[in-house]
Amino acid sequence: MFHPFRVFVRLPGFHKRMGNENPGRCHGLNYDAPLGLFDAPAIQTCDQSRRPADTVTHPLEAGDATPIDFSSRVAYKRSQTNRNTHKRSIVLAIAYNQRTHRCGELRRADEGKAVILAGWVNSSRDHGGLTFVDLRDHTGLVQLRFNPDHVKAAHEQAKTLHNEDVITVTGTVVSRGEWANPKLSTGEIEIEVDAVDILSRSDPLPFQINDEFDAGEELQLRYRFLHLRRPEMQRIFRMRHGIARAIREYFHANGFAEIETPCLTKSTPEGARDYLVPSRVQPGSFFALPQSPQIFKQLFMIAGFDRYAQIVRCFRDEDLRADRQPEFTQLDMEMAFVQADDVMAEVEGCVQRIFNTVMNIDVPVPFPRISEHEAMNRFGVDRPDTRYDLELQDVTDLVRDIDFRVFREPIEAGGVVKCLLARGGDKLTRKVTDGLAEEVKGIGGGGLPLVKVTSTGTGVEFTTGVSKYLQPIRDRICEQLGAEPGDVIFFMPGTFADVCKYLHLVRTRLASILSLIPKDRWNLLWVVDFPLVMWNEDEQRWDSTHHPFTAPRDEDIALMDSDPGKVLSKAYDLVLNGTEMAGGSIRIHQRDIQQKVFSLLGISPEEALRKFEFLLDALRFGAPPHGGIAFGLDRWVMMLAGCDSLREVIAFPKTQRAICPLTGAPTPVAQSQLDELFLALKPPPGKAKP
RNA sequence: GGGGCCGUAGCUCAAUUGGUUAGAGUACCGGACUGUCGAUCCGGAUGUUGCGGGUUCGAAUCCCGUCGGCCUCGCCA
C-alpha cells in the first residue's frame with residue numbers, strides 16, 4: 001500500500017523554448033512547483049487551467065520517480081483560444097521544497113507518517129540487500145532504509161550513493177523495534193524509502209565530515225564550507241546567532257537604537273595599525289577601516305540619541321593570536337546622562353540575558369567589583385581568574401633582613417617579594433618546576449625560587465630550592481601563609497609590575513597543572529579604578545590606559561598636573577574566568593578637560609584639532625555626560641561555546657599571517673586597478689644577499 | 001622582528017631513533033553480503049616524506065637555508 005506521494009513536475013527545456021519571460025512559470029503551471037498530492041501508483045497531471053475536469057491520470061510504476069516519459073500522453077493547451085497541443089516529456093521529482101520534516105526531528109510519535117526529507121549523505125552501509133543511509137541536515141541524522149523488496153529502483157539508486165551527496169527522499173516513518181540505536185535522537189525510527197532523488201553528487205572529499213578527528217586547520221579553512229557542515233560547527237554558529245539575538249532583543253527592549261557607523265572613515269594613528277582603503281576620487285588620500293566606532297557613538301550621544309547599541313565589525317592590523325583576528329565583531333554600546341554604575345547595570349542585564357537564553361544559566365547580579373590595584377596585588381593581573389584561590393602573597397617584610405642577595409637587592413631598589421603557595425605542590429616533578437622557571441625566563445624573568453614544605457615529625461622543614469636561605473624565617477613564613485607539609489612555595493622578587501607579570505604566569509600554569517579550575521563556573525567581575533594614564537618608558541610619555549576620551553574621576557582632576565600617575569579613571573572592564581570580555585568608560589564631555597587630557601598625553605592643541613576636530617567641535621555644542629562599553633562578541637562566543645580559538649567561532653577567519661585560505665585574500669590586483677587609484681607599488685624589502 | 005612546536009598517501013597518523021621495497025586506519029576503485037549504525041569480509045590503486053642544499057656507503061630521521069601552519073613575546077590607545 002502506498003501513501004500519498006507528493007511530487008512536482010519539471011518540464012525540461014520548456015521555459016527555454018518559451019523565451020526568457022517568467023522562467024518559473026509556463027502556461028499557468030509553476031515550473032518546479034508541486035501539482036498536488038498523488039496516489040502512487042497512478043500520477044496525475046493537469047493543464048494550465050487546473051480544472052479538475054482536465055486532470056489526466058497516468059499509471060506509474062511503484063516507486064518510479066525519474067524520468068518518466070509522458071510525451072505521448074500529456075497535452076498542454078497553449079492557450080484558451082489556441083487548441084494546438086504540444087507534447088513534453090515529464091520528469092517526476094520529489095518535492096524537496098515541500099520537506100515535511102528536518103532530519104533530526106523525527107521521533108517514535110511520527111511512526112506511520114509519510115515524509116519528504118532532504119539533506120546530505122552522512123554515511124551509507126550497503127549489505128547487498130538492505131542498504132542503510134544516514135541522512136544529515138543541520139538538525140541531525142536519520143537512518144534511511146532502502147529495501148530491494150520494497151522499491152527496487154530506489155534501492156538501486158541508494159547503492160550508488162557516496163558521502164556528502166545531496167539527496168531528497170520520500171518514504172514512511174517506521175519503528176526500528178529491536179534495532180533501535182540509542183546513540184541517535186532519531187534512533188527509534190527509520191525511514192522506509194519509496195523514492196530517492198539525487199540532487200547533487202559530491203566528489204571524493206578532501207576530508208571526511210563524519211570523521212572523529214579534525215583535519216589540519218589550514219585544510220579546514222581552505223574548505224571551510226565543508227568544515228562548517230560538521231555538527232559541532234553548526235552548534236557553534238547557532239549559538240553565535242543566539243548570543244547576537246539575545247543582545248539585540250535585550251537592547252531593543254531597553255530603549256536602545258541600533259544605528260550603523262561608517263566603515264570608510266578616518267585614520268587615527270594612535271592605537272592599533274589601521275587597515276587603509278585608497279580613495280579613487282581623492283588621489284593620494286586614504287580611508288581607514290574603523291578600529292572601533294568609538295567617536296561616532298559619542299557623536300550619537302551628543303546628537304541626542306541617548307541610547308545606542310550596535311553589533312559592528314572592527315579592524316585592527318596587528319599580529320594575530322588565538323584570541324585575535326584582524327577583523328572581529330564588537331557589541332558597541334553608549335548611553336547619555338549616565339554614571340558608570342548605570343552602564344554596568346545595563347551590561348549586567350544583557351549578560352544575564354545571554355546566559356539565560358543561550359546557556360540556560362542564571363548568573364547573579366550585580367557582578368562583584370575589584371579595583372585594578374587590588375586585582376594586581378592579589379592575582380598579578382588586571383583580569384583575574386577568580387575560579388580558584390592561589391593568590392599572590394606579599395612576604396617582603398619577612399624576607400627583608402635575611403641574607404639572600406636575590407631577594408635583598410630588589411627590595412633595596414624599592415621592589416617587593418611575593419609568593420604563591422601551591423597546596424600539594426610536592427607532587428610537581430622537578431621537570432615541571434624547571435619548565436615553569438623556563439617559562440618565567442621566557443618572558444624576561446630571572447627564574448623561579450621555590451621551597452618544598454616537608455614534615456620532620458615534630459615540625460616542618462624547607463627542602464630543595466632556596467630553602468637554606470629561608471631557614472631563619474621558616475616558621476614565620478609558614479605561619480603567615482598557612483603552609484603545611486606537602487606544599488610548595490614559589491617566590492618572586494622584583495618590581496611590583498614584574499612580580500605581577502611572572503607570578504600571574506605561574507599562577508595560571510599551576511592552576512591547570514594542579515587541576516584547580518572548577519568546571520562550569522562563570523565568574524564574572526568588574527575591574528574598576530584603573531589609572532587614567534600609564535608611563536611609557538620607551539617613548540618617555542604618558543599613554544592612556546583605556547583611550548584618550550576616558551574621563552578622570554572628578555576628585556582626581558586636580559592631580560592631573562601634579563601627579564598624573566595617581567589619577568584614576570571612570571573606566572571599567574568586565575572579566576569572565578580570567579578573560580577580558582568588555583571594556584568601557586564614562587567619556588569626557590567637557591572640552592577643557594578633553595584638551596587637558598590631550599596635553600597630558602603630549603598631543604598638542606594643533607595635533608588634537610587635526611586628528612579629532614569633529615569630536616572637539618561636538619564637545620563645543622552641548623555634549624551630555626555619556627559613557628558606554630564594547631564587548632568582544634567573538635570572545636563571548638568562544639568562551640560560551642568552549643572553544644580554544646577565535647578562528648573556531650568566525651565563519652571565515654584568517655590564518656596567523658592574516659591570509660584567508662579559502663579565497664586566497666589578500667591578492668595582488670591588476671595594474672589597471674592601481675592606476676585608477678594612482679598607486680605605485682614599492683618592491684618588498686629584499687633579503688640580504690649572502 | 002624574537003623564541004618554541006610541527007610538516008610523511010586525499011585525510012588522520014606510524015616508521016624500533018641513520019639501515020633493505022616508507023606502513024596502518026579511513027577515503028577512493030572492484031567484488032561478496034537483507035538489520036547495519038565507525039557495518040563486516042575479500043581484492044586493488046594511492047607517496048617529489050613541504051621545497052632547496054649539505055653530511056653520509058646509506059637520510060623521512062642529522063645539519064643549513066627556505067616556505068607554510070600553530071603557540072607565544074614584542075605589538076594590539
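All chains are named by letter (A, B, ...) in the order of the sequence lines, taking the proteins before the strands, and each is independently numbered beginning at 1.
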Sugar-phosphate, base or nothing in reach of A:Leu141, heavy atoms under 4.0 Å: nothing
A:Ser202 and A:His162 side chains, donor-acceptor separation under 3.5 Å: no
Aromatic ring pairing A:Trp526/A:Tyr572, orientation class (parallel under 30°, perpendicular over 60°, tilted between): perpendicular
Sugar-phosphate, base or nothing in reach of A:Gln656, heavy atoms under 4.0 Å: base
Sugar-phosphate only, base, or nothing, as touched by A:Arg222 at under 4.0 Å among non-hydrogen atoms: nothing
Shortest side-chain distance from A:Gln208, nucleotide among B:U26, B:U34, B:C37: B:U26
SB check A:Asp385 A:Arg507 (cutoff 4.0 Å): no
Interatomic distance, A:Leu130 CG vs B:C33 P [rounded to whole Å]: 13 Å
Touch class at under 4.0 angstrom, heavy-atom based, for A:Thr131 against every strand present: nothing
Sugar-phosphate, base or nothing in reach of A:Asp214, heavy atoms under 4.0 Å: sugar-phosphate
Whole-Å gap separating C1' (B:C75) and CZ (A:Arg657): 18 Å
Sugar-phosphate, base or nothing in reach of A:Arg273, heavy atoms under 4.0 Å: nothing
Closest-nucleotide 5' rank along RNA chain B - winner of A:Lys501 and A:Asp644: A:Asp644
Between the protein and nucleotides 2-5 of chain B, list the N/O to N/O atom pairs that are separated by less than 3.5 angstrom.
none

Touch class at under 4.0 angstrom, heavy-atom based, for A:Gly187 against every strand present: nothing
Distance, rounded to the nearest Å, where A:His155 contributes NE2 and B:C33 contributes P: 11 Å
Integer-rounded Å distance: B:U36 P and A:Glu190 CD: 11 Å
A:Ser185 versus A:Gly104, closest heavy-atom pair with distance: OG-O, 4.0 Å
Member of A:Val166, A:Ile167, A:Thr160 meeting the side-chain contact (heavy atoms from CB on, under 4.5 Å) criterion with A:Arg201: A:Thr160
Along RNA chain B (nearest heavy atom to each residue), the more 5'-positioned of A:Pro204 and A:Arg145: A:Pro204
Touch class at under 4.0 angstrom, heavy-atom based, for A:Pro548 against every strand present: base
Plane angle bin for A:Phe549 and A:Phe612 - parallel if under 30°, tilted between 30 and 60°, otherwise perpendicular: perpendicular
The single option from A:Phe379, A:Phe530, A:Phe496 passing ring-ring contact (aromatic ring centres under 6.0 Å, His included) against A:His373: A:Phe496
Touch class at under 4.0 angstrom, heavy-atom based, for A:Asp149 against every strand present: base
Integer-rounded Å distance: B:C71 C1' and A:Leu505 CG: 14 Å
Touch class at under 4.0 angstrom, heavy-atom based, for A:Gln143 against every strand present: base
Touch class at under 4.0 angstrom, heavy-atom based, for A:Asp126 against every strand present: base
